[in-house]
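Written out below as structure tokens is the structure these notes cover.
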Amino acid sequence: MNVQPKTLLQKENNFSEWYNEILKRAEILDVRYPVKGVYVWYPYGYKLRNLIYTILRSLMDKEHKETLFPLLIPKEELMKEREHIKGFEEEVFWVTKGGSTELDIPLALRPTSETAIYPVFRVWIRSHRDLPLRIYQIVNTFRYETKHTRPLIRLREITSFKEAHTAHADRADAEEQVKKAVALYRKFFDELAVPYVITRRPEWDKFPGAEYSIAFDTLMPDGKTMQIATIHLLGESFARTFDIKYEDKDGSLRYVNQTCYGISERCVAAVISVHGDEHGLMLPPGVAPIQVVIVPIVYSSEGKNGEVEKVCLAVYEKLKEAGIRAFFDNSEDRPGAKYYRWEMKGVPLRIEVGPRDIRNNRCEFVRRDNFSRMQVPLGDVVSEVKGTLNKIQNDIAKRARETFFANIYKTEGDEEMEELSPKAAHGIVSIFLCESERCGQEIEEHLGVNVLGEALYGDGTENGEGGKSEGKCMICSKKGKKVYVARAY
RNA sequence: GGGGUUGUAGGGUAGCUUGGACUAUCCUUCGGCGUUCGGGACGCCGAGACCUGAGUUCAAAUCUCAGCAACCCCA
């Protein structure tokens, strides 16, 4: 039996082309909107997006409250935090007119929401009893990107920035929140089966206005890393700028200590890119809009409403009742055409029912991830589907992790630049580096990489690599920490 | 930031060098009818396009300029 697609593109050789083609063919995103850097979600892509966000929401809702702040930010507020605005100034879209009337105060389309939210924090927070305050919102943000834009990855309109903002009585509590946020994001990406490294971004590359930034990066098939989440300890800087104070137990007024963290639709890009293959999408069952597709094998002698269709419908109903996202494809196409279509859309499990199966009171399962085929008694369908979806989820995650960690290269500290260069071209290299920007820049230039930052939570077991966390800086030989470098999106 | 390439039906393309017979090619897609159906079916009938604007010209898909959009390379 031939399961080789006639046309589909090689993912490894030409990731860019593969990516664009998949977005189109799997109906994730329509890129034909005539404005640079903004795109249209197809219903199928939108469903996928929402399923992914449902996971994040359920994690967030445990300790955060969802809110919604306005898109428009008055110029004065946006400009208040000097360092912060320095980082965004060139990327802000401005609304300067109402009809033909020039606005007195220009309004910015939020590039991120700190300056929209924190003036309100100022009036919301009065007492230590109001703390900690933890909110989040899922909104669109706008950035005037000048580099080449890319669907889901570099956008002028981020359609769904999932940003959280917290305020705390003291720094210790804020730092505790950073750890919680890291743990929360880990769970999130684990459920998406997207592997990652966690680093503390170098001083020169942190979020403007933050004390420090922690980031999650995954590895794309072309060997470049992509930042998929960031977590920032803001400390008191924004509190001082926006005058966010609370009255402590002893009656004194104190500034709050803040954090913020966010994830964009790059998490969708990661799911697509990490798992997909030359047949198309391969969605983890947890986020697949359709988890099971039922394909009837019908003959004209039997026709519509025949035995095959009845059995398919019965199976479909049982799966639905069990809470499984199933779809019965009784369109006119021939079975082969259906197989290709649903493989392209990443449906994790296909059930085939034909006359041969019905004679034996069974159906056939075909897995999207490895195309293995098994025969299942009709009576056991629901439990077998559940079990198989679980296995697929685990196997997809396992495969992704293996690929990921096979592309992280550990160095012992005595390698020459020349040896590292080809490795850095298609993976992540872990080296030792001191904290100076000069050494960082030197390594970036020599290897053509970005310094992602100091490896965190690298206790070895979970990141699958282990090794020392400290060593001599590759450039200046002073004391250095383990950092990851890679070509980055 | 700098450089390059490109824009023709829903998608992919031929035609452009040398302007005219282009009523615009082929594949796919879409609609109708029939035969089919265990890995992309076939027959017949039908539908659908020269990015936008200005210019050159008797004549523009084709040449020039601008805009918009896309892709690639370098920093």
Side-chain angles (χ1 to χ4, degrees), chain A residues 1-9 13-40 42-44 89-91 144-157 222 224 277-280 293-309 311-312 328-345 347 349-360 362-368 370-376 425 441-442 444-450 487-489:
Chain A
M1 192 162 311
N2 180 19
V3 288
Q4 284 312 303
K6 264 193 261 180
T7 44
L8 233 239
L9 309 149
N13 305 339
N14 195 340
F15 172 67
S16 235
E17 198 178 329
W18 178 91
Y19 182 72
N20 290 332
E21 202 64 23
I22 291 290
L23 290 179
K24 182 169 69 189
R25 293 204 207 176
E27 296 185 303
I28 303 297
L29 216 59
D30 196 328
V31 301
R32 293 172 296 183
Y33 195 80
V35 178
K36 183 179 169 70
V38 308
Y39 308 93
V40 177
Y42 281 109
Y44 189 76
E89 205 163 21
E90 290 307 310
E91 296 183 2
Y144 182 75
E145 294 285 354
T146 51
K147 292 182 181 170
H148 33 254
T149 51
R150 210 184 265 274
L152 303 182
I153 294 175
R154 180 167 280 115
L155 302 158
R156 285 194 170 174
E157 179 187 7
D222 58 0
K224 292 189 197 170
D277 63 12
E278 60 276 19
H279 289 257
V293 64
I294 303 161
V295 176
I297 313 297
V298 193
Y299 288 95
S300 59
S301 55
E302 201 180 328
K304 289 261 169 199
N305 304 314
E307 193 63 20
V308 168
E309 183 151 343
V311 172
C312 285
F328 171 40
D329 185 358
N330 62 348
S331 64
E332 297 291 327
D333 298 299
R334 301 178 89 200
K338 295 179 185 179
Y339 301 162
Y340 283 105
R341 180 185 322 136
W342 297 113
E343 281 162 11
M344 175 59 66
K345 291 203 159 185
V347 175
L349 183 63
R350 177 173 83 233
I351 298 180
E352 300 175 15
V353 180
R356 203 164 69 203
D357 299 307
I358 290 178
R359 277 198 298 278
N360 296 299
R362 62 169 203 220
C363 60
E364 292 185 32
F365 283 17
V366 180
R367 284 173 58 159
R368 171 64 180 85
N370 59 14
F371 296 104
S372 68
R373 187 175 277 273
M374 63 189 262
Q375 294 170 344
V376 175
Q441 281 181 346
E442 193 155 336
E444 289 192 347
E445 275 171 35
H446 274 90
L447 291 180
V449 295
N450 293 79
R487 292 187 307 143
Y489 265 87

Going 5' to 3' through nucleotides 70-75 of chain B and flagging B where a protein heavy-atom sits under 4.0 Å of the base, S where only the sugar-phosphate is that close, and - otherwise, we get S-S---
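- Scanning for salt bridge (charged side-chain N to carboxylate O under 4.0 Å, His left out) contacts around Arg487(A) gives an empty result, with sequence neighbours left out.
- Taking the side chain to side chain contact (heavy atoms under 4.5 Å, CB included) definition, one finds that His446(A) meets it with Met417(A), Glu442(A), sequence neighbours left out.
- Both tests hold for Arg350(A) against Tyr339(A): distance to the six-membered ring centre under 6.0 Å, angle to the ring axis within 45°.
- Stem regions for RNA chain B, each three or more consecutive Watson-Crick or G-U pairs with both distances under 3.5 Å and listed by first number, read B:1-7 with B:68-74, B:10-12 with B:26-28, B:29-35 with B:41-47, B:51-55 with B:63-67.
- Remark: Arg150(A) engages no residue in a salt bridge (charged side-chain N to carboxylate O under 4.0 Å, His left out) (not counting sequence neighbours).
- Taking the salt bridge (charged side-chain N to carboxylate O under 4.0 Å, His left out) definition, one finds that Glu157(A) meets it with nothing, sequence neighbours left out.
- Under the rule for a side chain to side chain contact (heavy atoms under 4.5 Å, CB included), the partners of Asp30(A) that lie at least two apart in sequence or sit in another chain are Arg32(A), Val40(A), Tyr42(A).
- Asp357(A) meets the side chain to side chain contact (heavy atoms under 4.5 Å, CB included) test with Arg362(A), Glu364(A); sequence neighbours excluded.
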Where do N or O atoms of nucleotides 3-12 of chain B meet protein N or O atoms at under 3.5 Å, pair by pair?
| unit_1 | atom_1 | unit_2 | atom_2 | d |
| --- | --- | --- | --- | --- |
| G10(B) | O3' | Arg32(A) | NH1 | 2.7 |
| G10(B) | O2' | Arg32(A) | NH1 | 2.9 |

When every nucleotide of nucleotides 44-51 of chain B is labelled 5' to 3' by its protein contacts under 4.0 Å (heavy atoms), B for base, S for sugar-phosphate only, - for none, what sequence of letters results? --------
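- For a distance-only test at 3.5 Å, the side chain of Glu343(A) qualifies as a donor-acceptor partner of the base of G39(B).
- Residues meeting the ring pair (Phe, Tyr, Trp, His ring centres under 6.0 Å) test with Tyr144(A), sequence neighbours left out: Phe93(A).
- For Lys36(A), the side chain to side chain contact (heavy atoms under 4.5 Å, CB included) test picks out Thr149(A), Arg156(A), with sequence neighbours left out.
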